[in-house]
Amino acid sequence: MDGRNITKIVRNMMLFKNKQNNNNLNNNEFELVRYSTKHSEGLSLKDIASYLNVDKALVTRMVKKLTLEEYIEVYVDPSDLRRKVIKPLDLAYSIKEEEKNEEILFYNAIFKVLSAEELKQLDELIYRVYMESKRYRKNKFEGIIDEGL
């Protein structure tokens, strides 16, 4: 199996979304916005840097831009006055929904080449692979290199 085909499909989907969107966000900025909507109780800049695997200085620049564009707000954590925390604003939730709809539109278009039975089988297989990828992520991707992947 050529696993790179999955990467190529995702790349095409990203190119489609970039063509469609007017939000002026790069991939890291969008991922920060999306991640913030999953953690509406607030995220520290350190949490975000760790999740995105980027340095804190880049997160600071992204947060400044996203605050000015009203995707997120920054406040001081009342339990630790040294800690800055971000929270998503309404625009963050709406852009996340727009992106989801664009992905659905793209995947519906490309999956037309499959029968209903093939779609069902593909969905089950992709779910199994997704759960395995999630397991690796939760384990900080330990073991991937050892397994020769």
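Here N53 contributes atom CG and E31 contributes atom CD; the two are 12.5 Å apart, rounded to the nearest 0.5 Å. The CZ atom of F111 sits 8.5 Å away from the CG atom of D123 when rounded to the nearest 0.5 Å. To the nearest 0.5 angstrom, R128 atom CZ is 12.5 Å from M131 atom CE. Once rounded to the nearest 0.5 Å, the distance linking OG1 of T67 with CD of E73 reads 8.5 Å. The NZ atom of K87 sits 13.5 Å away from the NE2 atom of H39 when rounded to the nearest 0.5 Å.
Other residues, nucleotides and ligands contribute over 12 non-hydrogen atoms within 6.0 Å of the CG atom of N139. Atom CG of L114 is surrounded by more than 12 heavy atoms from other residues, nucleotides or ligands within 6.0 Å. Taking a 6.0 Å sphere around CG of D90, one finds it holds 12 or fewer heavy atoms contributed by other residues, nucleotides or ligands. Annotation: E118, atom CD; neighbour count of heavy atoms from other residues, nucleotides and ligands within 6.0 Å is above 12. Remark: K65 NZ is packed, more than 12 non-hydrogen atoms of other residues, nucleotides or ligands lying under 6.0 Å away.
Under a hydrophobic-cluster definition in which Ile, Leu, Val, Met, Phe, Trp and Tyr are linked whenever side-chain heavy atoms come within less than 4.5 Å, directly or via other members, V85 and V74 are assigned to different clusters. Under the 4.5 Å side-chain contact rule for hydrophobic residues, L58 and L66 share a cluster. Tracing side-chain contacts under 4.5 Å through hydrophobic residues (I, L, V, M, F, W, Y), one never reaches Y107 starting from V129; they form parts of separate clusters. In the hydrophobic clustering of this structure, L45 groups with V54; members are Ile, Leu, Val, Met, Phe, Trp, Tyr whose side-chain heavy atoms approach within less than 4.5 Å, directly or through other members. Connection of L15 to M13 is not established within any shared hydrophobic cluster, with ILVMFWY side chains joined at heavy-atom distances below 4.5 Å, either directly or through further cluster members.
Side-chain contact between I95 and L25: present, with at least one pair of heavy atoms (C-beta onward) separated by less than 4.5 Å. Side-chain contact between I126 and I6 is absent, with no heavy atoms from C-beta onward closer than 4.5 Å. In this structure, the side chains of V33 and E69 stay at 4.5 Å or more apart for every pair of heavy atoms. Between L32 and Y71 there is no side-chain heavy-atom pair separated by less than 4.5 Å.
Residue pairs meeting the salt bridge (charged side-chain N to carboxylate O under 4.0 Å, His left out) criterion with at least one member in residues 46-64, sequence neighbours excluded: D47-R83.
Nearest heavy atom pair, residue R4 against residue R11, reads NH2-NH2, 3.8 Å. Shown here for F16 and E102, the closest heavy-atom pair between the two residues is CE2-O, 3.5 Å. Scanning both residues, Y75 and P78, for their nearest heavy atoms gives CE1-CD, 4.3 Å. Annotation for K96 and F30: closest pair CA-CE1, 4.4 Å, computed over non-hydrogen atoms. When every heavy atom of P88 is checked against every heavy atom of I72, the shortest pair comes out as CA-CG2, 4.2 Å. Taking both residues in full, the closest heavy atoms of E29 and N24 are given as OE1-O, 3.9 Å, listed atom of the first, atom of the second, then distance.
Electrostatic pairing of E99 and R34 does not count as a salt bridge here, judged by no charged N lying under 4.0 Å from a carboxylate O. Of the charged side-chain nitrogens involved, at least one lies within less than 4.0 Å of a carboxylate oxygen, so that E97 and K100 count as a salt-bridged pair. Between R82 and D80 there is a salt bridge, since a side-chain N of the basic residue sits under 4.0 Å from a carboxylate O of the acidic one.
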Evaluate the criterion side chain to side chain contact (heavy atoms under 4.5 Å, CB included) for residue pair M62 and I86; output intermediate values, then yes/no.
CA-CA 12 Å; M62 288 191 299; I86 69 158; over 6 Å; no
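For M14, the side chain to side chain contact (heavy atoms under 4.5 Å, CB included) partners two or more places apart in sequence, or in a different chain, are V10, K17, N27.
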